[in-house]
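To keep things clear, I will list the structure first and then write my remarks on it.
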Amino acid sequence: DAKTTQPNSMESNEEEPVHLPCNHSTISGTDYIHWYRQLPSQGPEYVIHGLTSNVNNRMASLAIAEDRKSSTLILHRATLRDAAVYYCILRPRNQFYFGTGTSLTVIP
Amino acid sequence: DAGVIQSPRHEVTEMGQEVTLRCKPISGHDYLFWYRQTMMRGLELLIYFNNNVPIDDSGMPEDRFSAKMPNASFSTLKIQPSEPRDSAVYFCASSPSGARYEQYFGPGTRLTVT
C-alpha cells in the first residue's frame, strides 16, 4: 500500500524558511501529492497539491523530485501561525489516509 | 461562503444516550465526508457521500453508527447507543466534484461520552 513517510516533528525559527519533507517511494503515476495542515483545535486545511511540476500558491511551495519519490513543502517565512501538523497524502490511492504528519513548532 | 458548518461544537453525554452530529457542507459541493480524530488512531474516514448517496461506509466502526444525507445541504452522523470509546473530535468535510481531493473541513464536534 502506497503510504507516505514524514518526520514526526520539526522546529523552525520565526521568519526563516521551513522545508518539510515527505517520502513516497511507491507512488503511482496517477497519484497527486497533496498537503494539508491542521492548526491547533481546528480541522485540517488544504495547503497545496501537485503531480510532477513544482507548484506555488499564496500559502506555500511544493517541490517534487524528478522521480516523484519524494516531495518538500516549503514555507518561505515561517510565522507563529504556521505552527501546525502538516500531512502529506497521495491521492487518489491513499485519498483518505492522513497518517501522523509532521508537527511543526515555530520558535519566536 | 461560511464554509462547512458543524453543530454542536461540543457535546457531552452519558453512555447509552443517542448522539446526533450535524453538518452543512459548502453550497455546490458534491462530496461530503465524515471523519473521526483521536490521539490513538489519528484522523479516520468514517463515510463519504457523493450527490447525497453513500459511497463508502467501510470506516463506520459498527452498527451503532449511522449517517444520512437527506439533501445536498445537510448531513447527520448518529451514534446510538453511545459509549465512552466514541469520545473523539468528529469532522465533516466537503469538496466539489471538479476538485474532489481538495477537501474543506468544518471546525469539528468534540464529543465526550461519560
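Residue numbers begin at 1 in each chain, while the letters A, B, ... track the order of the sequences.
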- Query: So, for B:Q103 and A:Y36, which heavy atoms are closest and what is the spacing to 0.1 Å?
  - Reply: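 The pair with the smallest heavy-atom distance is N-OH, 2.6 Å.
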- Item | Residue pairs involving residues 62-73 of chain B (criterion salt bridge (Lys or Arg N to Asp or Glu O under 4.0 Å); sequence neighbours excluded) |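 Listed by first then second residue: B:E62-B:R64, B:E62-B:R85, B:R64-B:E83, B:R64-B:D86.
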Transitive ILVMFWY side-chain link [X] to [Y], under 4.5 Å:
X	Y	value
B:F105	A:V85	yes
B:Y48	B:F91	yes
B:V4	B:M69	no
B:V113	B:F65	yes
B:Y31	B:L77	no

- What part of A:Y32 gets closer than 4.5 Å to chain B, counting heavy atoms only: side chain, backbone, both or neither?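 For A:Y32, no heavy atom lies under 4.5 Å from chain B.
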- Task: Select all residues of residues 36-43 of chain B having any heavy atom within less than 4.5 Å of some heavy atom of chain A, and report them by number, or 'none'.
- Result: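 The stretch touches chain A at B:Q37, B:L43.
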- Neighbour count above 12 (heavy atom, 6.0 Å) for A:N8 CG: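 Count not over threshold, so no.
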- Around atom CZ of B:F74, are there more than 12 heavy atoms of other residues, nucleotides or ligands at under 6.0 Å?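 Atom CZ in B:F74 is packed in, count exceeds 12.
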- Item | Residues in residues 43-78 of chain A near chain B [non-hydrogen atoms, under 4.5 Å] |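 Residues of residues 43-78 of chain A touching chain B at under 4.5 Å: A:G43, A:P44, A:Y46, A:H49.
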- Item | Listed partners of A:S103 passing side chain to side chain donor-acceptor pair (under 3.5 Å), at least two apart | none
- Look up atom CZ in A:F98 and atom OH in B:Y35, then write down how far apart they are to the nearest 0.5 Å.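 OH of B:Y35 is found 4.5 Å from CZ of A:F98.
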